[in-house]
There are 2 protein chains.
Amino acid sequence: MGCVTTIYEVAERAGVSPATVSRVFNGSPVSAEKTRHVRKAAADLNFVPNRTARTLRRKNSEMIALILPDIENPYFTSMARGVEDVAQAAGYSLVLCNTDDDPGKESQYLDIAASEHMAGVVLAPVARHADEQLLELPGRPLISVDRTTGLPVDAVMMDNFAAGKDAVTALYQGGYRRIACITGPDDVETAVERARGWKSVVDRRQMFADPGAFTRFSTFRVDGGRTAMASLLESPSPPDAVVAANNVMSIGALQVLAEAGMRPPHFGVATIGDLPFTTISPKSVTVVHLPARHMGVTAAQLLIERIQGDPQPVRTVVLRHETRPAAYPHPAGA
Amino acid sequence: MGCVTTIYEVAERAGVSPATVSRVFNGSPVSAEKTRHVRKAAADLNFVPNRTARTLRRKNSEMIALILPDIENPYFTSMARGVEDVAQAAGYSLVLCNTDDDPGKESQYLDIAASEHMAGVVLAPVARHADEQLLELPGRPLISVDRTTGLPVDAVMMDNFAAGKDAVTALYQGGYRRIACITGPDDVETAVERARGWKSVVDRRQMFADPGAFTRFSTFRVDGGRTAMASLLESPSPPDAVVAANNVMSIGALQVLAEAGMRPPHFGVATIGDLPFTTISPKSVTVVHLPARHMGVTAAQLLIERIQGDPQPVRTVVLRHETRPAAYPHPAGA
DNA sequence: CTTGTTTATGAAATCGATTTCGTGAATACT
DNA sequence: AGTATTCACGAAATCGATTTCATAAACAAG
């Protein structure tokens, strides 16, 4: 129904021109009487303006796109909620797109955002850009979150290097001395940076002769965590603790540890990113809490400022994580 | 860039009419030579067709909307993946909208879907419809998933009543005799049906004099599960097992149980919906596995058939769940 | 009282791609 | 050979809202 009534029919019924109907709906000055007639007619006909036509004319829609690598990861859905809340409040509706870390899908969605004239884009970029120019393509504001683009666009980030350092440091202070690292694909910036943070501390403490032997690159999935953890446990002289570079890898690692009969704090675990939907004792694992939701909020705010014409130079906002060390230190020996 | 080149500029550069350019991009017959010229010109100018204009003219876009009550719930994101995979394969892009179980947001997104001329909608309807007519509004195919609408639209469902029965039955067979039920809001269909399934078994077995005293309605969130479980544990004669009516409520219940020092199988737990990202022993809890992803796949398939003009009468597809009883029966006594 | 300025409003252009319609050329059929 | 049919393709209408432009009325200033 709503999609068949046009401004012309409303105009005719109200005895005015289509232009006047448009004006009523856009706040341009129209006499009180005609306004009344138009509103009445619109209500009678159950008129809903055709957004496609409006967008075509205005070259600008009220949608913003949020392009994420993995909507099944609670880290990103939490971010999405942050973006959504701000967007909604500002009168924009959010459309969520999942790239699966596939540059092809990412560029497809960027194309769509542009050719649908979306007001702006919040993008968590995939590992490698198929085509750097893509980021120019939208021609409208774009904010990157979580990962950098290498291009001069606004960004909302966290300090992945520091997060890696903090995670391993907390374990060290808990008494662990052989702290391995499992992280994501070696072409994903967050994975690499967190591992670098880990390595910097491990090197300084001279924890291993060959730190590389205690690093595992895998996928940022539960399975990735499982594989990496299993591989570590099989090594000739296994570690006594592990830093997992993301929330769901930690889950995988904890699963494998549980299956091997090694629960924290017997085996130390630090997770970068909160454990989603966890039932384990909250203090048995060191958690580097990441401000996912807040990153979303901030990104959305920056984006909306840009949409409204904020002329500031390109900004990068770095949000702080918070380290919550496990309460139970490493049991002697282990 | 891409969004400023028009079909007219391409036409001029290729020495043909705009109509011919359009034909080239839509597979209408055009001579080989002109086709070549057009493609060359389009490539040179980095031409991307303006989807807004196309949609306006065609009254039909290549986007499908998926409207969900809670994208932070892995049950729904899993469903979303199912929808997305099918949609992508069929050349549609998916936009995901989160209603937060708010009828206002739901109707807003339905309006948008209609006025953006989206090709179709997959909707997990909120508890109570603000306005039943809304479902007429799109004027384009709509499939409901997970919950019914009470309206004659295609639906992909599961048997919630049976799921409730199966959960409690598995616990009974595991040796538990006082099996309580925690479920979602009493205006959410899935919550009510699952609780009814539970009650039917509890009644038949004459488990409680007053089953109502062992039922808790709460939110379909982790907190809801916590509250409900805590309340049950405080009751004068507590249960020895519980059926939790959704995945995240189960998490809340398990958290409270763990804090009270009661882990399964000491206290029996059955969850309707897989435990997301769990680290607990996989066999300690009875899981009624729900085909979330498959529901998404099926819904998307039905939708695409409808979009392509499938004239079948309204269908309801009910997908089967699978009960996976805990391996360890109830320890004697408890 | 005239000239200058707002102000409300309708007619018409516009956004960019699609599609109908019509024409001339090419091919098929009797 | 002559008529019928198909075919490629350009001109122009179309989708529906917005916006520019022009106009007439209302109002202010001199």
Side-chain angles (χ1 to χ4, degrees), chain A residues 1-39 41-42 45-63 111-112 114-119 139-140, chain B residues 1-39 41-42 45-63 111-112 114-119 139-140:
Chain A
M1 251 319 169
C3 55
V4 301
T5 323
T6 76
I7 207 175
Y8 295 94
E9 305 173 63
V10 175
E12 188 176 350
R13 192 169 221 272
V16 300
S17 77
T20 301
V21 177
S22 172
R23 287 186 185 113
V24 167
F25 281 91
N26 291 288
S28 300
V30 173
S31 73
E33 191 196 15
K34 300 209 170 184
T35 301
R36 212 162 30 75
H37 285 154
V38 169
R39 293 216 177 281
L45 296 171
N46 194 14
F47 169 73
V48 177
N50 180 324
R51 282 165 176 263
T52 307
R54 163 187 303 202
T55 301
L56 177 59
R57 184 62 230 248
R58 288 227 183 125
K59 297 167 178 288
N60 185 18
S61 86
E62 281 109 8
M63 300 196 300
D111 273 354
I112 291 178
S115 86
E116 293 278 354
H117 296 296
M118 296 197 186
R140 29 197 86 238
Chain B
M1 249 321 169
C3 58
V4 301
T5 323
T6 75
I7 207 175
Y8 295 94
E9 306 172 63
V10 175
E12 189 177 348
R13 191 169 223 271
V16 300
S17 78
T20 301
V21 178
S22 172
R23 288 185 184 113
V24 168
F25 282 91
N26 290 289
S28 298
V30 173
S31 73
E33 190 196 16
K34 300 210 169 185
T35 300
R36 211 162 30 74
H37 286 152
V38 168
R39 292 215 179 282
L45 295 170
N46 194 12
F47 169 72
V48 176
N50 179 325
R51 281 166 178 262
T52 307
R54 163 187 302 200
T55 301
L56 176 60
R57 184 64 230 252
R58 288 227 184 123
K59 298 168 177 286
N60 186 19
S61 86
E62 281 109 7
M63 301 196 300
D111 273 353
I112 291 177
S115 85
E116 293 277 356
H117 296 295
M118 296 197 186
R140 31 197 82 237

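In the text below, chain A, chain B and the rest are named by the order of the sequence lines, each starting its count at 1. If you're wondering where the values come from, they're calculated on a predicted model, not measured in any experiment.
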Student: Donor-acceptor pair under 3.5 Å: do we get one between R57(A)'s side chain and the base of dT14(C)?
Tutor: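 A donor-acceptor contact between them is present.
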
Student: Dump the intermediate steps for side-chain hydrogen bond (donor to acceptor under 3.5 Å, both in side chains) on S115(B) and R51(A), then the final yes or no.
Tutor: CA-CA 5 Å; S115(B) 85; R51(A) 282 165 176 263; 3.2 Å; yes

Student: What about R23(A), does its side chain sit under 3.5 Å from the base of dG10(C) through a donor-acceptor pair?
Tutor: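 Pair found.
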
Student: Could you tell me the separation between the CD1 atom of I7(B) and the P atom of dT19(C), rounded to a whole number of Å?
Tutor: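 Answer to the nearest Å: 11 Å.
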
Student: Name the nucleic acid region contacted by S22(B), choosing base, sugar-phosphate or nothing; use a 4.0 angstrom heavy-atom cut-off, strictly under.
Tutor: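 It contacts base atoms.
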
Student: Any idea which of dT18(D), dA17(D), dA11(C) is nearest the S17(A) side chain?
Tutor: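 Of dT18(D), dA17(D), dA11(C), dA11(C) is nearest to the side chain of S17(A).
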
Student: Quickly work out the F25(B) CZ to dG16(C) P distance and round it to whole Å.
Tutor: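 Between P of dG16(C) and CZ of F25(B): 16 Å.
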
Student: Would you mind reading off the distance between N60(B) atom CG and dT19(C) atom P, rounded to a whole angstrom?
Tutor: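 It is 10 Å, rounded to the nearest whole Å.
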
Student: Does the side chain of H37(B) reach to within under 4.5 Å of the side chain of V16(B), using non-hydrogen atoms?
Tutor: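 A side-chain contact under 4.5 Å is absent here.
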
Student: Could you tell me the separation between the CD atom of E116(B) and the C1' atom of dA17(D), rounded to a whole number of Å?
Tutor: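 That distance rounds to 13 Å.
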
Student: Roughly, in whole Å, what's the span from OH in Y8(B) to C1' in dA13(C)?
Tutor: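 Nearest whole value for this atom pair: 13 Å.
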
Student: Can you see if the side chain of R51(A) gets near the phosphate of dG16(D) - specifically, an N or O under 4.0 Å from OP1 or OP2?
Tutor: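 For dG16(D), OP1/OP2 do not have a side-chain N/O of R51(A) under 4.0 Å.
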
Student: Heavy atoms only, 4.0 Å cut-off, all strands: where does T20(A) land among base, sugar-phosphate and nothing?
Tutor: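 Sugar-phosphate: the residue T20(A), judged by heavy atoms under 4.0 Å, touches backbone atoms but no base.
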
Student: Taking only N and O in the side chain of K59(B), is any of them less than 4.0 Å away from OP1 or OP2 of dT14(D)?
Tutor: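 Checking K59(B) against dT14(D): no side-chain N or O falls below 4.0 Å of OP1 or OP2.
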
Student: Decide yes or no for V38(B) and R23(B): does some side-chain heavy atom of the first lie under 4.5 Å from some side-chain heavy atom of the second?
Tutor: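 No, their side chains stay 4.5 Å or more apart.
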
Student: Compare all side-chain heavy atoms of H117(A) with those of N50(B) and state whether any distance is below 4.5 angstrom.
Tutor: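 With C-beta onward as the side chain, the pair touches.
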
Student: Determine: side-chain N/O of N26(A) to OP1/OP2 of dA17(D), distance under 4.0 Å, yes or no.
Tutor: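 Checking N26(A) against dA17(D): no side-chain N or O falls below 4.0 Å of OP1 or OP2.
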
Student: Measure the distance from CG on N50(A) to C1' on dC15(C) and round it to the nearest whole Å.
Tutor: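 Between C1' of dC15(C) and CG of N50(A): 13 Å.
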
Student: Would you please confirm or rule out a distance under 4.0 Å between OP1 or OP2 of dG10(D) and any side-chain N or O of K34(B)?
Tutor: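 Yes, within the criterion.
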
Student: Phosphate oxygens OP1/OP2 of dC9(D): is one of them under 4.0 Å from a side-chain N or O of S31(B)?
Tutor: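 Indeed, a polar side-chain atom of S31(B) lies that close.
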
Student: For G15(B) and A19(A), find the nucleotide of DNA chain D closest to each by heavy atoms; which residue's nucleotide sits nearer the 5' end?
Tutor: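 Its nearest nucleotide being more 5', the pick is G15(B).
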
Student: Is there side-chain contact between L56(B) and T55(A), with heavy atoms separated by less than 4.5 Å?
Tutor: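 A side-chain contact under 4.5 Å is absent here.
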
Student: Quick one: label V21(A) by what it contacts on the DNA or RNA (base, sugar-phosphate, nothing), any heavy atom closer than 4.0 Å.
Tutor: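 V21(A): no heavy atom of the nucleic acid under 4.0 Å.
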
Student: Tell me the interatomic distance from R58(B), atom CZ, to dT20(C), atom C1', rounded to whole angstroms.
Tutor: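 In whole Å, dT20(C) C1' and R58(B) CZ are 15 Å from each other.
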
Student: Taking atom P of dT9(C) as reference, at what distance in whole Å does atom NE2 of H37(A) sit?
Tutor: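 Taking atom P of dT9(C) as the reference, NE2 of H37(A) is at 12 Å.
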
